[in-house]
Every structure is written in structure tokens, then in C-alpha cells.
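So the structure is just underneath, and the comments pick up after that.
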Amino acid sequence: MSDTNAVEMTGDERDSFLGVGGTGVLAFGASGDGPPDAVPVSYGYDPGETTFYFRLATRPTSDRATDGRPVTFVTYDRLGQGYRSVVASGRLEPVRIEDVADRSLAGLENVDIPAVDIFDRPVEDVSFELRRLVPETLTTRRSRR
């Protein structure tokens, strides 16, 4: 019988893979009988705090509430002949620059959230909310070397 256990990354491998930011998919837990809401997002990552930051576009006509809903964030990449991925789950928290603790503000200074222009109007005309995810669970996988 073959070994089917996933190979986990070390903390250093995880932090190197995540860098200070990139892209992935953020899935919001289902509300009612509807399916989960999954959206591609840019993220920032602070390895010192193991915290993810997201700049989410606000949609005035949307009924999607971001705070307090369970979320799962997934990012992955091909590495040579294999793959690696990180899955983080928890709940989003609002981040207001004027309210954040010095530690959170320092974390924000360590991240780079890529600006991706996927909107029907110029990105400078889009309103954004800053949210963070301090994972309740964090799993990593990589291909066996």
C-alpha cells in the first residue's frame, strides 16, 4: 500500500511561499440554503503575525456581509514538477487604520496587496474595505520532493 499522507511545508517554507502578498480565492460560508460565495482576491501576508490582509471591493447593492462569516482562503502555485498550497480558515475582522493596534499596523506595513484591475470602472473609482484573517486553522501542502 502506498503512503497517501500529504507532505506539509515547514513554517519557513510556508512564509517563503506566501511572501508578502499574492492572489488566491476567498470563500465565504453559505448563508441560508445558498451556495458558498467564492471570489478571487489579492492578499497581503505578515509572517511575523501569521495574518492575512485583504482589500475587498465594496458593492453597495450586495447583501454579502463580510464580518463574522466563516471564510476559507486558498492559494496555490506550481513548483517545478510539483505543487504547493496554503489553506487558512477563520473569520474576517475589519481593519481601520485609525483603530488598529501598533502590532497590526506594523503587520500592514510588512505586506504588499497586489492591485488587480478586474472591475467595470477604473480601480481608483472602486471603494474598498480592509479586512484581516488571523487563521483558526492553517494547513499547508507540497508535493513530495
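Values below: all heavy atoms of this structure, side chains included; hydrogens, waters and symmetry mates excluded.
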Exercise. Is a donor on one side and an acceptor on the other found under 3.5 Å between the side chain of Thr51 and the backbone of Glu49?
Worked result: yes

Exercise. If you look at every heavy atom in Ser143 and Gly82, which pair is closest and at what distance?
Worked result: OG-CA, 3.2 Å

For this session: Please name all residues satisfying ring-ring contact (aromatic ring centres under 6.0 Å, His included) with Phe73, sequence neighbours left out, ordered by chain then number.
Result: Tyr43, Phe52, Phe54

Exercise. Looking at Leu138 and Ala88, what are the two nearest heavy atoms and their distance?
Worked result: CD1-CB, 3.7 Å

For this session: Mind checking side-chain hydrogen bond (donor to acceptor under 3.5 Å, both in side chains) for Arg84 and listing every partner two or more places apart, or none if nothing turns up?
Result: none

Seminar exercise, completed: Taken to the nearest 0.5 Å, the spacing of Arg91 CZ from Leu133 CG works out to 11.0 Å

Problem set entry | side-chain contact (heavy atoms from CB on, under 4.5 Å) involving Thr72 - partner list, sequence neighbours excluded | Val74, Val87, Ser89

Exercise. Should Arg14 and Thr50 count as side-chain neighbours, where that means a heavy-atom distance under 4.5 Å?
Worked result: yes

Exercise. Val39, Tyr45: one ILVMFWY side-chain cluster at the under-4.5 Å cut-off?
Worked result: yes

Problem set entry | Spatial distance of atom CG (Leu130) from atom CD (Glu93) [nearest 0.5 Å] | 11.5 Å

Problem set entry | Under-4.0 Å salt bridge between Glu13 and Arg142 | yes

Exercise. With a 4.5 Å heavy-atom cut-off, do Phe17 and Val86 have their side chains touching?
Worked result: yes

For this session: Measure from the side-chain N and O atoms of Ser42 to the backbone N and O of Thr23, and report whether any donor-acceptor pair falls under 3.5 Å.
Result: no

For this session: Decide side chain to side chain contact (heavy atoms under 4.5 Å, CB included) for Asp37 and Leu26; before the verdict, give the C-alpha distance in whole Å, the side-chain angles of both, and the deciding distance to 0.1 Å.
Result: CA-CA 8 Å; Asp37 185 16; Leu26 186 62; over 6 Å; no

Exercise. Between Val41 and Val25, does a side chain to side chain contact (heavy atoms under 4.5 Å, CB included) hold up when you go through it step by step?
Worked result: CA-CA 6 Å; Val41 293; Val25 175; over 6 Å; no

Seminar exercise, completed: Contacts of Ser85 meeting side-chain contact (heavy atoms from CB on, under 4.5 Å) (sequence neighbours excluded), chain-then-number -> Tyr76, Arg141

